[in-house]
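Notes to accompany the following structure.
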Amino acid sequence: MEINKIKSIIEAILFAVGRPVAKKDLVLSLEIAEEDIESIVANMQEEYQQQARGIEIIKIEDSYQLCSKKELYDFVYPILDKRSKPNLSNAALETLAIIAYNPKISRAEIEAIRGVSADACVYKLLEYGLIEEGGKIDLPGKPMSYQTTSDFLRMFGYTSLEELPELPRYKLDENKQIVIDELMEQQETEEIKENPVPEKEEA
């Protein structure tokens with residue numbers, strides 16, 4: 001099958017489905033190797049960029065999706081139902097960041113980091129589909145854990161959580177959780193450096 005025909009089929013599939021399409025599904029549909037799919041889609045992405053198209057193909061983990069370019073959002077969303085546009089408070093964004101950097105984190109752990117109740121923020125993020133339940137944790141009471149979704153990656157323009165900016169100030173333990181005690185100690189140390197205690201003058 002010629003390359004342009006394959007590109008047309010991929011474009012048609014992504015357009016018709018309107019959601020992320022797994023790479024393996026494209027392999028099954030086109031009956032070509034996974035490496036060829038990756039190469040062809042990468043070539044399509046370059047062509048869309050060079051031609052200044054209003055659409056682009058984004059990669060979300062092991063899936064691809066055809067969508068409008070994010071820089072054109074202000075022109076697109078007035079035509080759509082504005083009720084679908086998430087309106088997140090600073091508290092919700094903070095909670096979302098904590099969950100993104102700490103996959104499979106419980107609500108109690110979120111509240112330990114933020115210092116306040118996270119109920120309202122968690123419910124709002126679940127409502128918008130930016131987070132989802134990640135299963136119960138093997139702890140007393142079997143608390144539910146939370147993790148981000150593919151909608152989170154798509155909204156913030158990430159292919160995977162590995163692309164999140166590093167947090168050099170925070171140390172993570174073997175479970176990828178922020179080490180609260182060491183974080184507090186580090187903050188206290190930094191405060192002392194910024195505001196050193198004046199030395200006593202000799203009599």
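All values below were derived from every heavy atom in this structure, side-chain atoms included, with hydrogens, water molecules and symmetry-related copies excluded.
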**Q.** Reported CE-to-CG distance for the pair Met155 and Leu88, which is rounded to 0.5 angstrom
**A.** 6.5 Å
Q: Report whether Val41 and Ile58 are members of the same hydrophobic cluster (ILVMFWY, side-chain heavy atoms less than 4.5 Å apart, transitive linking).
A: no
Q. Would a 4.5 Å heavy-atom cut-off, applied to side chains only, mark Ile113 and Glu109 as touching?
A. no
Q.
Listing request: all side chain to side chain donor-acceptor pair (under 3.5 Å) pairs with a residue in residues 5-16, at least two apart in sequence or in separate chains.
A. Lys7-Asn43, Lys7-Glu47, Glu11-Tyr48, Glu11-Arg53
Q: For Gly129 and Thr149, work out which heavy atoms get closest and say how close.
A: O-OG1, 2.5 Å
Q: Report yes or no: do Leu30 and Leu28 belong to one cluster of Ile/Leu/Val/Met/Phe/Trp/Tyr joined by side chain heavy-atom distances under 4.5 Å?
A: no
(Q) What's the separation between atom CD1 in Ile10 and atom CD1 in Ile32, rounded to the nearest 0.5 Å? (A) 6.0 Å
Q | salt bridge (charged side-chain N to carboxylate O under 4.0 Å, His left out) partners of Glu111, counting only residues at least two apart | A | none
(Q) Quick check: is Val76 connected to Phe15 through a chain of hydrophobic side chains (ILVMFWY, heavy atoms under 4.5 Å apart)? (A) no
Q: Name all residues meeting the ring pair (Phe, Tyr, Trp, His ring centres under 6.0 Å) criterion together with Phe152; count only those two or more places apart in sequence or in a different chain, and write none if there are none.
A: Phe156
Q) Do other residues, nucleotides or ligands put more than 12 heavy atoms under 6.0 Å from the CD atom of Gln51? A) yes
Q) Quick one: salt bridge (charged side-chain N to carboxylate O under 4.0 Å, His left out) partners of Glu127, sequence neighbours excluded? A) Lys124
**Q.** Minimum-distance pair of heavy atoms, taken over all atoms of Ser150 and Ile60
**A.** CB-CG2, 3.8 Å
(Q) So, taking the atom named OG1 in Thr148 and the one named CG in Leu153, what distance separates them when rounded to the nearest 0.5 Å? (A) 5.5 Å
Q: Please report the shortest heavy-atom distance between Leu161 and Pro103, naming the atom on each side.
A: CD1-CG, 4.2 Å
Q. Which heavy atom in Pro165 sits nearest to a heavy atom in Tyr158, and how many Å separate them?
A. CD-OH, 3.5 Å
Q) Can you list the residues that meet the side-chain contact (heavy atoms from CB on, under 4.5 Å) rule with Thr159, with sequence neighbours excluded? A) Lys59, Glu163
Q | side-chain contact (heavy atoms from CB on, under 4.5 Å) between Asp151 and Tyr128, worked out | A | CA-CA 9 Å; Asp151 285 343; Tyr128 284 136; over 6 Å; no
**Q.** Cluster check Leu72, Leu14: I/L/V/M/F/W/Y, side chain < 4.5 angstrom
**A.** no
Q) Got a sec, which pairs hit side chain to side chain donor-acceptor pair (under 3.5 Å) with one end in residues 61-71, sequence neighbours left out? A) Gln65-Arg154
Ignoring hydrogens and angles, write down the donor-acceptor pairs under 3.5 Å from the side chains of residues 18-25, residues two or more places apart or on other chains.
residue: Lys23; atom: NZ; partner: Glu38; partner atom: OE2; Å: 2.5

Q | Connected-component partners of Val116 among ILVMFWY, side-chain separation under 4.5 Å | A | none
**Q.** Separation of Ile13 CD1 from Leu66 CG (nearest 0.5 Å)
**A.** 11.5 Å
Q: With sequence neighbours left out, write down each residue that passes side-chain contact (heavy atoms from CB on, under 4.5 Å) with Ala91, or none if nothing qualifies.
A: Ser89, Arg114, Cys121
Q) Out of curiosity, does Leu139 fall in the hydrophobic cluster containing Val122 (side-chain heavy atoms, cut-off under 4.5 Å, transitive links)? A) no
Q.
Enumerate the salt bridge (charged side-chain N to carboxylate O under 4.0 Å, His left out) contacts for residues 129-140, please, sequence neighbours excluded, ordered by first and then second residue.
A. Asp138-Lys142
Q. Residues two or more places apart in sequence or in another chain: which of them pass salt bridge (charged side-chain N to carboxylate O under 4.0 Å, His left out) with Asp36?
A. none
(Q) Ile131 and side-chain contact (heavy atoms from CB on, under 4.5 Å): which single residue from Thr95, Leu125, Ile105 fits? (A) Leu125
Q) Roughly how far, to the nearest 0.5 Å, is CE of Met144 from CZ of Arg107? A) 9.5 Å
**Q.** Which residues share a side-chain contact (heavy atoms from CB on, under 4.5 Å) with Ser145, sequence neighbours left out
**A.** Lys104, Ile137
Q.
Once rounded to the nearest 0.5 Å, what's the spacing between atom SG of Cys67 and atom CD1 of Ile57?
A. 9.5 Å
